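Reviewing the structure listed below.
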Amino acid sequence: MTIIQETKTDDTIPSFHLYDIVRFAFSEGASDARAIAASDILVEEKFAKLCAACPSYGFSHSCPPHVSGPSGFRELQKQLPWAVAVRLVVPLSALFSAERQDLGRFLHELTSGIEAYAVGMGYTDSRAFAGGSCKGIFCREHSECRRLSGGLCRHPEHARPSMSGFGIDVLDLMKKCGWPSEFGGMKTTGDGESMSWLAGLVMIG
């Protein structure tokens, strides 16, 4: 069980609070969880630009071009000193099947739940990020995102922005957490099935 990358924290967040948040992540179903310094998260413009090729580009309030992107995340790094990264280890085949949507939904629910837990501890500025567009996961059957037309989000308790839209280098994040970063063939189960992963992040503060 991976808990925390560094034992020393600043005075804003005691290390035992980070331990509590990470343990909560495991209790909610995370395969891996780790607290890291926010400054260790690498952000680059090129990753946010890749979102332009996504079928959901422009159709969600939580995805580019409707989010603050890398510059906004860098400001968040200055304000929130720590983060908790989480990962779901899943069969590679599931990512190429209808099960992918259910896994994406669970990832959003996991990260939003960790965010809520941190807020309940008094870290009211905590913000969660997941993977994949919330439009394709939660509102696939709807023609438009309500937020883009001035309405209320249909799933505000669970839908969270995608890490990619903010330029987060997810592979680098995995490496800094000490986790394998390969998408396929990472390891196999007893029957030889290849495994992969989905990742999320919760900024704490």
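The shown structure was predicted, so the numbers you read here are calculated from the model rather than taken from an experiment.
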Next item on the list: Please test Met121 against Ile21 for side-chain contact (heavy atoms from CB on, under 4.5 Å), starting from the C-alpha separation and ending with a verdict.
Entry: CA-CA 9 Å; Met121 294 177 69; Ile21 296 170; 3.5 Å; yes
Note to self: Going by the rule salt bridge (Lys or Arg N to Asp or Glu O under 4.0 Å), which residues pair with Arg74 if we only count those two or more places apart in sequence or in a different chain?
What the structure shows: Glu45
Note to self: Exactly one of Gln77, Lys78, Gln79 should register a side chain to side chain donor-acceptor pair (under 3.5 Å) with Glu75. Which one does?
What the structure shows: Lys78
Note to self: Which residue is it: Arg100, Gln101, Glu99? I am looking for the one with a side chain to side chain contact (heavy atoms under 4.5 Å, CB included) to Ser97.
What the structure shows: Glu99
Item checked: Donor-acceptor under 3.5 Å (Ser164 side chain, Ala48 main chain) -> no
Checklist line | Step-by-step side-chain contact (heavy atoms from CB on, under 4.5 Å) determination, Phe138 to Arg105 | finding: CA-CA 7 Å; Phe138 292 97; Arg105 187 183 186 100; 3.5 Å; yes
Item checked: Intermediate values then yes/no, ring pair (Phe, Tyr, Trp, His ring centres under 6.0 Å), Phe73 and Phe129 -> CA-CA 11 Å; Phe73 192 84; Phe129 299 83; 5.5 Å; yes
Note to self: Please determine whether a side-chain nitrogen of the Lys or Arg among Glu144 and Lys135 lies less than 4.0 Å from a carboxylate oxygen of the Asp or Glu.
What the structure shows: no
Notebook entry, point to check: Does the side-chain contact (heavy atoms from CB on, under 4.5 Å) test come out yes or no for Arg34 and Trp179, once each step is laid out?
Noted result: CA-CA 10 Å; Arg34 180 167 230 172; Trp179 304 330; 3.8 Å; yes
Notebook entry, point to check: Are Phe106 and Phe24 co-members of a hydrophobic cluster defined by side-chain heavy atoms under 4.5 Å apart?
Noted result: yes
Check: Same hydrophobic cluster for Ile137 and Ile114, using side-chain heavy-atom links shorter than 4.5 Å among ILVMFWY?
Finding: no
Notebook entry, point to check: For Pro65, what residues pass the side chain to side chain contact (heavy atoms under 4.5 Å, CB included) criterion, not counting sequence neighbours?
Noted result: Tyr57
Note to self: I want to check something: taking the side chain as every heavy atom from C-beta on, are His17 and Tyr123 in contact at a cut-off of under 4.5 Å?
What the structure shows: yes
Check: Is there a side-chain hydrogen bond (donor to acceptor under 3.5 Å, both in side chains) between Glu157 and Ser112 once you walk through the steps?
Finding: CA-CA 7 Å; Glu157 71 280 13; Ser112 62; over 6 Å; no
Margin query: Could you tell me if the side chain of Asp125 sits less than 4.5 Å from the side chain of Leu76, heavy atoms only?
Written below: no
